Amino acid sequence: MIKILFISENVKYIKKFKEIFSNNHYEYYNLSDISLIDDIISVDTPDVIIIDQNFENIKAVSKNIKLHCENSIIILLISSNSADKEFVKFANAFITSDMSEDLITSTIAVNTRMKNSLEMLSSSNKDLADSLYRLNALYNTSSQFAGTLDKSQLLKIMSEGMDRALSFSLNCTFSLCTENEPVLILDSLYELSDELISALKLRAILNYNSVFEGKKQPFNIEIDKLKVIKHVKNNSNRFTFNLFQYDNMFAPIKLSENVFGFVEIFKDGNFSSDDSACFQTIAQQVALPLKSATLYQEIIETNLKLEKLERLKSEFISIVSHELRTPLTSIKNSLDILFSGRCGEVTESADKFLSMAMRNVQRLSGIINDLLDLSKIEAGKMEFKFAPTNINTVIDYVKTALSEVAKSKGLNLAVCVEDNLPDVNADAQRLEQVLTNLVSNAIKFTPEGKNIKIISKLVSKNDIIINESFREEIKLLQDRYIEVDVIDEGIGIAQEDLCHAFDKFAQIENSLSRKVGGTGLGLPIAKQLLEAHKGAIWCDSELDKGSKFTFIIPA
Amino acid sequence: MKKILIVDDEQDIVESLKFVLEAAEYTCYTADNGEDGLRLAKELTPDLIILDVMMPKINGYKISRLLKYDSKYKNIPILMVTARSQEEDKLIGEETGADEYITKPFELDEVVKKVEEYLK
């Protein structure tokens with residue numbers, strides 16, 4: 001039904017319109033007393049207002065009409081065919097007194113339809129604008145989340161985002177993750193009395209109990225000791241207990257099983273279902289960065305611990321090298337002097353025990369050197385002098401150095417090298433150290449009369465056969481390698497022990513190694529040195545048959 | 001007789017070095033800290049100095065630098081004794097001017113041989 005107000009004093013017109021609008025499509029009023037106009041239109045705004053252009057004081061009245069009836073259709077009745085120019089802007093349509101009834105009703109119908117369409121459009125525009133605003137708030141909030149790993153800051157961004165999108169009166173965030181204890185963070189529009197805060201604390205604890213119902217609670221919370229952080233926007237006003245009658249929404253802040261806290265917001269007014277979706281989204285969105293922040297914090301803490309351990313290790317190594325070496329030097333010097341006979345003749349039994357002491361001093365100093373080497377490599381502090389190196393020169397050097405020892409044990413130390421091998425980029429001294437270690441081991445563990453063989457050759461990546469115990473950890477990244485094998489006919493290593501051959505102190509368990517000496521650090525050092533050369537080392541072995549240690553270096 | 005100054009805070013090491021060097025007919029003077037060592041080096045102008053690195057007051061590295069930068073003493077050979085601690089490694093990595101480094105534990109005979117080489 002269209003409500004029509006006709007403003008005119010002209011009896012002829014009044015009568016005519018009354019006839020036109022006297023059906024149930026219309027509700028028709030006539031007004032001729034100008035003094036009543038304000039009251040009538042402000043109480044009951046009509047859909048259509050028709051004004052007689054000849055109405056007295058029409059100009060003075062028109063302003064008021066426009067002010068109160070912004071959404072009404074204003075149609076001007078004119079007596080002739082010309083309208084006053086001032087009213088052109090003011091009116092939606094014009095009718096003349098001689099127009100037919102159909103023309104008049106259709107003018108009204110067209111304008112009403114147009115008005116309705118415009119209203120619909122405006123309302124959907126408003127919805128669209130609201131959604132856009134919320135989306136924008138969500139987008140801003142989530143991009144801010146990405147910018148920090150500070151958990152308190154993340155919760156602050158969450159609260160600000162909710163305020164932007166939902167304009168809450170009070171936000172109660174119960175945080176379990178920002179400090180060593182639970183904290184109730186209150187972001188409030190107005191000031192909160194102590195009593196109200198106590199009530200909010202109690203409410204938070206009840207929420208906490210329900211979030212962890214049937215599960216282990218991470219904290220035992222006492223209401224008197226619960227920490228509260230309060231931010232008040234406007235402290236000239238105060239909330240009362242009416243706050244609890246406000247519309248509210250609740251969401252846990254969690255990622256799968258990790259509960260970081262929960263959030264409850266209150267608003268003087270109603271939250272829509274879109275508001276609820278937005279609220280839940282923000283509460284969910286903050287959980288992931290909180291998880292990242294927690295992990296980040298753990299990494300920082302672990303790193304600090306590791307740094308401390310590394311420092312302790314360094315200090316320890318320093319003590320080992322300095323504090324052990326110095327007294328060892330004094331012992332060794334004393335033994336040297338006694339042994340040299342400068343303090344009197346050395347009897348046969350004294351010689352035996354002095355030799356024993358000397359041997360063990362040598363061994364101890366070997367262990368100290370190995371420990372220092374290993375810790376230096378592990379700390380990345382070992383310096384290498386890389387230069388083009390011919391592996392056969394290294395082999396030659398080691399053979400010369402150890403052939404006497406091998407001979408004295410009745411072993412045959414043979415060398416089988418491939419001629420014209422390309423140089424490798426290596427620290428020759430370190431390669432000598434590796435090879436010396438391998439050959440010394442072979443000499444130690446091979447019984448009298450047997451053979452030890454050193455082989456060198458150039459191999460392509462595809463021809464390298466790595467023992468299956470080592471295959472997984474060795475990656476061949478180069479196409480060509482120089483391979484060196486040290487083959488003995490010694491006691492060998494059991495298949496199940498192979499993978500531990502390069503572990504630190506692996507041989508300590510082996511009673512034979514105690515008999516033959518050695519620090520148990522030679523092979524781990526060799527492994528590390530070769531890795532520093534982008535090479536690798538492994539071994540094949542059979543108990544009582546012998547072992548083959550193989551190392552490779554990129555050619 | 002040639003004069004050798006031994007500077008080391010480890011009395012036992014000083015004793016054993018002194019023992020073998022005196023047996024090889026050198027006159028030995030000793031100091032158990034860097035300050036005394038530097039003073040004696042300047043007073044005595046020895047023919048050779050055996051110098052420990054880590055010592056109280058002034059470390060061997062500093063003494064070596066001070067002497068090597070002084071034209072009056074720069075020709076005195078310095079044998080530096082090091083225990084190869086990380087801190088010492090760092091010091092020795094810099095220019096100390098020492099003529100020789102001997103790592104603890106060392107062979108006394110080796111030291112005597114080195115001394116003889118420098119004092120030929």
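Just so we're on the same page: letters track the sequence lines, and every chain starts at 1. Remember, it's a predicted structure, so these values are computed and weren't measured experimentally.
Scanning residues 336-356 of chain A against chain B with a 4.5 Å non-hydrogen threshold yields A:Asp336, A:Ile337, A:Arg342, A:Cys343, sorted by number.
The heavy-atom pair separating A:Leu530 from A:Ile537 by the smallest distance is CD1-CB, 3.5 Å.
Both the backbone and the side chain of B:Phe106 come within contact range of chain A, with heavy atoms under 4.5 Å apart. The contact between A:Gln362 and chain B is made entirely by side chain atoms (from C-beta outward), counting heavy-atom distances below 4.5 Å. Proximity to chain A involves both the backbone and the side chain of B:Glu107, based on heavy atoms less than 4.5 angstrom apart. For B:Asp109, the part lying under 4.5 angstrom from a heavy atom of chain A is the side chain only.
For A:Glu531 and A:Lys527, the salt-bridge test passes: some basic side-chain N is under 4.0 Å from an acidic carboxylate O. Salt bridge status for B:Glu100 with B:Lys114: present, with a side-chain N to carboxylate O gap under 4.0 Å.
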Tabulate below the donor-acceptor pairs under 3.5 Å that side-chain atoms of residues 31-42 of chain B make, not counting sequence neighbours, or state none.
unit_1	atom_1	unit_2	atom_2	d
B:Asn33	OD1	B:Glu35	N	3.0
B:Asn33	OD1	B:Asp36	N	2.8
B:Asn33	ND2	B:Asp36	OD2	3.0
B:Arg39	NH1	B:Glu43	OE2	3.1

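Rounding to the nearest 0.5 Å gives a distance of 8.5 Å between OH of B:Tyr26 and CG of B:Leu48.
No hydrogens or angles considered: nothing links the side chains of A:Asp373 and A:Gln528 as a donor-acceptor pair under 3.5 Å. Inspection of the B:Arg65 and B:Tyr69 side chains reveals no N or O donor paired with an N or O acceptor under 3.5 Å. A donor-acceptor pair shorter than 3.5 Å can be found between the side chains of A:Ser456 and A:Asn392.
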